[in-house]
Each structure stands twice: as structure tokens, then as C-alpha cells.
Amino acid sequence: MSPDVIPEDKVVPAVTEPGTKPDRAYSRARAARKRRVGVGAARVLLLVAVLGLWEWLSRAKVIDPFNFSMPSKIWDQIYTWVMHGTALGSLGEQIWATLQEALLGWVIGVIAGVVFGIALGRITLLADILGPYIKVLNSIPRIVLAPIFVIWFGLGPSSKVASAVVLVFFPVFFNAFQGAREVDRNLVANARILGASDRRVTLQVVIPSATSWIFTSLHVSFGFALIGAIVGEYIGATKGIGLLVAQSQGTFNAAGVYAAMVILAVVALVAEGLLTFAENRIFRWKPSGSDS
């Protein structure tokens, strides 16, 4: 036996020392939980501080409580609407009217934006022809189209849906267009080598690759859909949160205006949470961070 060779029965197994990868993973998870708790507490404290300062400034007459109202009056207004309804009917009916218009406009705008974005991203000739017109339409402030839609479609939901569609379409279109242009050319080439047709390349390579781009625009676009519905209702409607804002403004009820804004913020946050949940479920394969 060579003197440099150690018999197998004499080999001492390596001892696992503290600080190995499982320990580091546990430490990182605990640090992440502590950070989430700290961030949540800081957010709550900031909100309480802002609302408390606002209330104090209004009660001390440092700012005009008639024009700026105060958090306690805003809360009273929301409570009144919830318990006793509004002049237009129940609060739930107003929220649902606005939400229906925003959702329908959002769905139509997203579908149109994705279809046109993928089509122009894949077909260069079509992009060259329609590109200047897209830029011109995008340069028009979409909010100013709301009165035109009211003239065209009347005071019903159609004019609000149209306002939401034009606000949603462009951010979704540009993200889908960019996503189609950013597809890995090697993937497309390999798919063609394997005999995939243009339709299969688009459906099985381009669209999945552009999905993350499209989802990025969805977070912003639903807020735009709400804005479109609200602006349309503010200009002319028979029900909805925007009409509540217009009526509160017409009666110099600042608390009512702020209360409607709070309700809209809650609706937007719930929608954002649902979109984030759906995105996390769809993109579960994405790595959340480095494991090193």
C-alpha cells in the first residue's frame, strides 16, 4: 500500500459547519420578513402622520376647512354614503356602474392593443404604413376626446367605455409591440428550422415571449380605464362615481370629492392586487432572486 493512500475505513466525514446554504437561506427569509414588517409599519405611520397633520391644520384653521375639508368629515361622508346611500342611489350601484364601464373598456383596449401591437411588431410593412398614424393619434390628449364621445354615444355607458378604451389601448399597444420586437431571434429561427409556420411562431414563440411586457402595461392600464370612465361620467352621466364627484363639486362639498377619490383608490388597489396575484401565478417559473 502506498504511504500516501488513506484506507476507506479511516476517512473521517466532513463536518457541516454553521453558515451553510440552508442557514443563509433561513437568515435571508427572516431578514425579508422583518423588512416587510418594517416597511408596512412605516407606511401606516406615514399615513397616520399625514392624516393627523391634515386634520390638525384644518381644525386650527391654518388651511381653509371649507375648501380642503378634513379626514374626519371625509370619513363621515363615506359612512353616510355606505349606510344611507347617495342622491343617485346606493353607493354600491355607483361603484358597480363605474367598474363595469372601466372593466369593459379595459378588456377591449387590452385586446385591441395586444392584437395590433403583435401584428405591427411581426409585420414590418404594416408597421411602416400605420406607424405615423399611431404616433399622431398617440399625441392627441385622450382626455379631450371624452366630450366628443358623449356627443357621439350619449350619456349612457358607451361613451365612458370609449374613453376607457382609448386610454388603455396605447400603453398596451406599445408594450406588446416592443415585446414582439424583442423576441430572441434564435428562438424564431429554430422554430422555423423545425417547420413552424408564421402562425405557430406567433402563437407559440412571440406571444409567450411578449407576455411579460404585456403584463407590465396591464398594471398601469387599469388605472387609465378608471380615469376614462370617471372623466366620461364627470362630463355627463346618469350614475357613477364620476357623477358623484361632479355633484359634490357643484354643491361645494369638498368632503364628497375626497370621499369619491378614496373609494376609487380602494377599487384601483384591489384591481392591482388581483393583477399582481395573476401575474405571480402565471410567471411562477421566474426566479425570484439569487440563491448565492
Taking side chain as C-beta onward, heavy atoms only, is [X] less than 4.5 Å from [Y]?
X: Ile63; Y: Trp54; result: yes
X: Ser69; Y: Gln77; result: no
X: Ser163; Y: Val231; result: no
X: Lys61; Y: Pro65; result: yes
X: Ile263; Y: Trp81; result: yes
X: Thr98; Y: Gln94; result: no
X: Val220; Y: Pro171; result: no
X: Ile118; Y: Val114; result: yes

* To do: Ignoring hydrogens and angles, tell me if any N or O in the side chain of Ser139 forms a donor-acceptor pair with the backbone of Val136 under 3.5 Å.
  => yes
Distance-minimising heavy-atom pair for [X] and [Y]:
X: Phe153; Y: Ser159; answer: CB-N, 3.8 Å
X: Ala176; Y: Gly113; answer: CB-O, 3.9 Å
X: Ile241; Y: Ala260; answer: CG2-CB, 3.9 Å
X: Glu55; Y: Ser72; answer: OE2-OG, 2.8 Å
X: Ala229; Y: Lys160; answer: O-CG, 3.7 Å
X: Val245; Y: Val257; answer: O-CG2, 4.1 Å

Could you tell me the separation between the [atom1] atom of [X] and the [atom2] atom of [Y], rounded to the nearest 0.5 Å?
X: Phe68; Y: Ile74; atom1: CZ; atom2: CD1; result: 12.0 Å
X: Thr251; Y: Gln249; atom1: OG1; atom2: CD; result: 9.5 Å
X: Leu91; Y: Tyr79; atom1: CG; atom2: OH; result: 13.5 Å
X: Leu167; Y: Ser221; atom1: CG; atom2: OG; result: 10.5 Å
X: Leu51; Y: Trp56; atom1: CG; atom2: CH2; result: 15.5 Å
X: Leu104; Y: Ser158; atom1: CG; atom2: OG; result: 8.5 Å

Treat each ILVMFWY residue as a node, draw an edge where side-chain heavy atoms are under 4.5 Å apart, and state whether [X] and [Y] are in one component.
X: Ile227; Y: Val161; answer: no
X: Ile95; Y: Met83; answer: yes
X: Leu145; Y: Val165; answer: no
X: Leu103; Y: Ile108; answer: no
X: Leu226; Y: Val172; answer: yes

* To do: Take atom CZ of Phe174 as the centre, draw a 6.0 Å sphere, and report whether it contains more than 12 heavy atoms from other residues, nucleotides or ligands.
  => yes
* Asked: Does the ring center of Trp75 lie less than 6.0 Å from the ring center of Tyr258?
  -> no
* All salt bridge (Lys or Arg N to Asp or Glu O under 4.0 Å) counterparts of Lys73, not counting sequence neighbours -> none
* **The single option from Leu46, Leu47, Val48 passing side chain to side chain contact (heavy atoms under 4.5 Å, CB included) against Val50** =>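 When Leu46, Leu47, Val48 are each tested with Val50, the side chain to side chain contact (heavy atoms under 4.5 Å, CB included) holds only for Leu46.
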* **Test side chain to side chain contact (heavy atoms under 4.5 Å, CB included) applied to Asn138 and Tyr133, Phe169, Phe170, Phe173, the passing residue** => Phe170
* side-chain hydrogen bond (donor to acceptor under 3.5 Å, both in side chains) partners of Glu101, counting only residues at least two apart ->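 By the side-chain hydrogen bond (donor to acceptor under 3.5 Å, both in side chains) rule, Glu101 matches no residue at all.
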